[in-house]
Amino acid sequence: MRVFKFGGASVKDPDSVRNVARIIIDHHGSGPLVVVLSAMGKTTNALEQLCANFMEGKTTAMLKIFEQIRDVHFDIARDLFPDSKHAIFKILEQSFYHLYYYISEPPGKNYNYEYDRIVSTGEVVSTQILSAYLKEAGLSNRLFPAQKLVITDASFRDARVDWILTTQSIQKQLTPFLKQGAGPCSPSLVITQGFIGGTPQGFTTTLGREGSDFTAAILAYALNASEVVIWKDVPGLLNADPKLLAETVLLDNISYQEAIELSYYGATIIHPKTLKPLLSKNIQLKVKSFHDPSMPGSVINDNQHHDGQIPSFIFKFNQVLASIFPKDFSFIAEDNLSIIFSDFARHGVKINLMQNSAISFSVCFDKDKTKTPALLKDLNKNFSVKYNDNLELITVRHYDKANLQDIIKNREVLLEQKSRTTLQLVVQKKT
Ligand code: ASP
Ligand code: MG
């Protein structure tokens, strides 16, 4: 049993949907398959905008976005289903009517609750289209609502998975269906939404932006899948973002641990929560190109042999480097550190790198419009703080194999930290 995940870019227009259907048809013969799908193209961003206008009572702007989202989906459906009487049109009509009806009532006070209720529509309609299109193409399948599979707490917008309830509900609903098959030569095919969960009481939740990868891992974990494949618009895992580095190299095979480290330092190709459930059951993860499905892509599994062969580069921009000094000229010690850490924790600011000396403690973190000034204000109550912003944090894994000259060219290194495998540099672009 395998789990395939397709992101928004893979179903952004009619031809992309056809391409996804082709990939599913080509791979489906070899056993039962669960397909996890995101919202189409930029739908989630548009729904976020819709939600913001809904909460602010900006009805005209809200309805305009509603119409746009609706039109995009109907345009795609009309292209895919030439028969204007096809059942998909009624199904979509109903889903959009549900949303319309909901946003016609005044909003409640809980932004995150309203967000999940509204933004989840993107995945609901994308899966309805794909499921119907596959049936049209002769591939019998069943659409299962993720709200009833992925059971979470009520932390709307960042819901925590209840692993016991989730495993039970996935196994109870999917295992009999996956076993039975759709016919003698046709293994079962399940379609479900990424990103969405539901509380035991039936409220819709979401797992955080880009959470569909995580959904795929949750399903694979619960079903003891043999493999997860994430289909992307890149050939696989690259050793740097090709928008930032001219020459990138494909990582053919890295270990779960290495992938976890890369995502910890900010590599964005896989949602960070995806890897641990897979690691715990030794389920391999492939990242493959939906443009070129015949290419092998990258494999993440328990093989650590290749981890150190290729250096990887991760760039974080818009960084602040703050140096924090005790006001009374004392040394930095545990009592000071505990005040500093609780200031960071209280403001929800994640520390990307830290270093201490006798008289100061230096911290690098993401700049944020609201959090950063509030944090600095609190730190200033107990310490003198000096800081630089507009910096970059460059992380190099396996830096012993790297050509660092190109990386630091035209940049001044303000702080450097090295472990056996990882080099981190806080740098400022020279003007
Ligand atoms: N549609 C959601 C998002 O864009 C979830 C996902 O794509 O993984 O964030
Ligand atoms: Mg997406």
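First listed ligand is number 1; within each ligand, the first listed atom is number 1. Being a predicted model, the structure only gives us computed values, none of them experimental.
Of the candidates Gln193, Lys42, Glu123, the one placing a heavy atom closest to atom 2 (C) of ligand 1 is Glu123.
Using a 4.0 Å cut-off to heavy atoms of Ser212, the atoms of ligand 1 that qualify are 5 (C), 6 (C), 7 (O), 8 (O). Shown in contact with Arg209 at under 4.0 Å from a heavy atom are these atoms of ligand 1, numbered in order with element: 3 (C), 4 (O), 9 (O).
Checked against a 3.5 angstrom limit, the closest N/O atoms of Lys5 and ligand 1 fall outside it.
For Lys42, the NZ atom counts as loosely surrounded, since its 6.0 Å shell holds 12 or fewer non-hydrogen atoms of other residues, nucleotides or ligands. Atom NZ of Lys148 sits in a sparse spot, with 12 or fewer heavy atoms from other residues, nucleotides or ligands closer than 6.0 Å. More than 12 heavy-atom neighbours from other residues, nucleotides or ligands sit within 6.0 angstrom of CZ on Phe315.
Taking the charged nitrogens against the carboxylate oxygens, Asp79 and Arg18 do have a contact shorter than 4.0 Å, which makes a salt bridge. A salt bridge links Glu93 with Arg70: the closest approach of a Lys/Arg side-chain nitrogen to an acidic carboxylate oxygen falls below 4.0 angstrom.
When non-hydrogen atoms are compared, ligand 1 lies under 4.0 Å from the side chain of Ser38 (C-beta onward) but not from its backbone.
For Gly211, the heavy-atom gap to ligand 1 drops under 4.0 angstrom.
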